[in-house]
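Structure first, commentary second.
Nothing here was measured: the structure is a model prediction, and the numbers come from that model. Residue numbering restarts at 1 for every chain, and letters A, B, ... go by the order of the sequence lines.
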Protein chains: 2
Amino acid sequence: MTQANTRATRGRGSPTEEHYVEAIGALEELATPVGTAAIAQSLGLSMPSVSEMLARLSNNGLVSYAPYSGASLTDKGKRLFASLVRRHRLWEVFLNRCLGFGWEEVYPPACELEHATSDAVIEKMAEFLGHPGTCPHGAPIPSADGKWPEKRSRGLSEMQDGHTARIVRVLREDDADCLQFLADRGIVPGASIRVLDIAEFDGTVTLGVEGATRAIGRDVASRLRVGPDQAPA
Amino acid sequence: MTQANTRATRGRGSPTEEHYVEAIGALEELATPVGTAAIAQSLGLSMPSVSEMLARLSNNGLVSYAPYSGASLTDKGKRLFASLVRRHRLWEVFLNRCLGFGWEEVYPPACELEHATSDAVIEKMAEFLGHPGTCPHGAPIPSADGKWPEKRSRGLSEMQDGHTARIVRVLREDDADCLQFLADRGIVPGASIRVLDIAEFDGTVTLGVEGATRAIGRDVASRLRVGPDQAPA
DNA sequence: TGAGACTATTAGGCAAGCCTAACATTCTTG
DNA sequence: CAAGAATGTTAGGCTTGCCTAATAGTCTCA
Ligand SMILES: [Mn+2]
Ligand SMILES: [Mn+2]
Ligand SMILES: [Mn+2]
Ligand SMILES: [Mn+2]
């Protein structure tokens with residue numbers, strides 16, 4: 001009836017809880033368990049707020065958490081996380097493909113819409129979009145039953161000079177400036193690249209992209225995932 | 001950064017405040033000023049909650065309000081109301097036309113999505129949908145600058161036996177059962193009808209709709225708005 | 001091992017939104 | 001006009017979700 005009731009009804013957490021689960025799930029891909037500080041930084045909140053919420057999420061069975069030992073998603077939490085990522089990335093596809101937003105713009109509106117989207121709506125949306133497998137940044141979209149597609153990609157640093165590959169994914173989808181920078185240089189999912197040089201000294205990578213030569217720093221390079229140059233038959 | 005901050009940034013109220021403005025705006029079309037009880041009933045909340053929020057909305061300059069005298073939207077409140085109705089009805093069009101939801105299903109999801117939708121997103125959506133003039137229930141969609149289209153419709157009760165007309169709008173868009181009832185009988189915006197009888201006793205209306213004879217009660221009949229049978233040239 | 005730097009929790013407080021119970025006003029109607 | 005009904009507000013309390021300041025645990029390194 002009321003907003004809160006609606007949320008209770010739909011069998012998920014509050015938007016706030018969902019934000020936490022989203023952040024924890026993303027951070028778990030880097031290191032697990034996830035520390036309070038990392039979550040606080042990622043959400044722009046104070047550590048006490050995070051401590052408090054971790055206790056609550058633990059109570060709700062979404063994360064397993066012991067004081068001073070960090071947090072990690074439970075199976076239930078992982079399911080919610082997959083559902084969130086699915087909702088988020090399908091919205092990104094819609095915003096990009098149908099409404100014409102650039103890939104550097106889609107993250108914030110998707111992050112709002114995802115919490116206001118029921119399963120019924122998102123499944124209709126998936127059908128409307130033709131069940132896309134990835135978001136505009138090349139990130140995989142989990143299936144409705146929470147399964148993640150196989151990910152077969154490497155980092156740029158694993159490539160050797162002169163070799164070619166195709167960009168399959170760009171990490172840090174929320175960093176609009178970086179995405180703009182990359183898009184300006186044609187470095188987007190699907191683009192073919194050739195590694196011209198990886199500097200020993202500071203990791204600067206020089207690429208050939210569509211006939212042009214592009215240099216990118218180590219940090220940005222580490223956000224690129226590549227796959228084989230030809231689409232797998 | 002945080003949800004609350006995001007909301008503050010976008011220069012509107014919280015979703016909760018928006019719900020109140022939405023309810024007050026809708027009730028104002030029936031009678032003004034709007035009483036606390038009516039708002040409470042419409043939102044499914046207690047009267048003290050409404051009293052409290054009216055004080056706050058009054059502080060924010062969205063409603064003018066004096067104790068025991070009811071509330072009415074200020075100009076600022078009216079602008080927010082128009083923006084909300086625009087967002088709500090554009091979402092309804094999208095849900096109905098693109099995602100395939102029935103007109104009796106679109107109200108609740110639209111009511112969630114509208115509060116998570118920025119102006120940028122809704123204007124792109126309007127363009128995507130071809131700037132529709134009405135929602136699936138035939139209700140007008142205000143323009144981006146808050147103007148309401150001219151409404152040229154009559155109630156069924158103003159019609160005489162034997163006359164024909166076209167349904168242009170159905171009120172109470174949130175009453176799924178009633179909408180289902182009407183859709184089952186072909187009584188939807190755009191349908192041509194002939195008034196066969198309006199009972200003096202209890203106001204029951206007998207209609208001819210697409211060759212079939214349909215009877216509806218006084219209350220349901222009062223929710224139908226009709227216009228001339230031919231589309232105005 | 002022990003000081004300092006991190007990391008994390010506890011304590012205490014605040015605003016938004018909701019509630020019930022109690023009280024106050026206004027309307028209706030004989 | 002004087003109930004009594006209807007409407008509306010006040011009082012007091014709750015949860016969620018955030019904060020700062022203070023405290024406590026952990027890690028690193030001389
Ligand atoms: Mn989000
Ligand atoms: Mn993405
Ligand atoms: Mn709403
Ligand atoms: Mn509608």
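- The B:Tyr68 side chain lies nearest to C:dT26 when the options are D:dT10, D:dC19, C:dT26.
- Listed nucleotides: D:dA11, C:dA8, C:dT9. Nearest to the side chain of A:Pro48: C:dT9.
- Counting any heavy atom pair closer than 4.0 Å across all strands shown, B:Pro67 reaches sugar-phosphate atoms only and no base atom.
- Heavy-atom distances to DNA chain D give each of B:Met47 and A:Ser49 a nearest nucleotide, and the one nearer the 5′ end belongs to B:Met47.
- For B:Ser46, the listed nucleotide lying nearest its side chain is C:dT20; candidates were C:dT20, D:dC19, D:dG8.
- No side-chain donor-acceptor contact under 3.5 Å links A:Asn96 to the backbone of A:Pro136.
- Checked against D:dC18, C:dC18, D:dC19, the side chain of B:Leu45 finds its nearest nucleotide in C:dC18.
- As judged by a 4.0 angstrom heavy-atom cut-off over every strand, B:Thr36 is placed among residues touching the sugar-phosphate backbone only.
- Between B:Arg89 and B:Glu173, at least one side-chain N (NZ, or NE/NH1/NH2) sits under 4.0 Å from a carboxylate O, which counts as a salt bridge.
- Looking at every heavy atom in both residues, A:Phe81 comes nearest to A:Glu22 through CE1-O, 3.4 Å.
- With no hydrogens or angles considered, no side-chain donor-acceptor pair links B:Ser83 and B:Arg79 at under 3.5 Å.
- In terms of position on DNA chain D, the residue among B:Glu52 and B:Ala66 whose nearest nucleotide sits closer to the 5' end is B:Ala66.
- Between the CG atom of B:Leu54 and the C1' atom of D:dT7 there is a distance of 13 Å, rounded to whole Å.
- Applying the 4.0 Å criterion to OP1 and OP2 of D:dT9, one finds that B:Tyr65 has a side-chain N or O inside that range.
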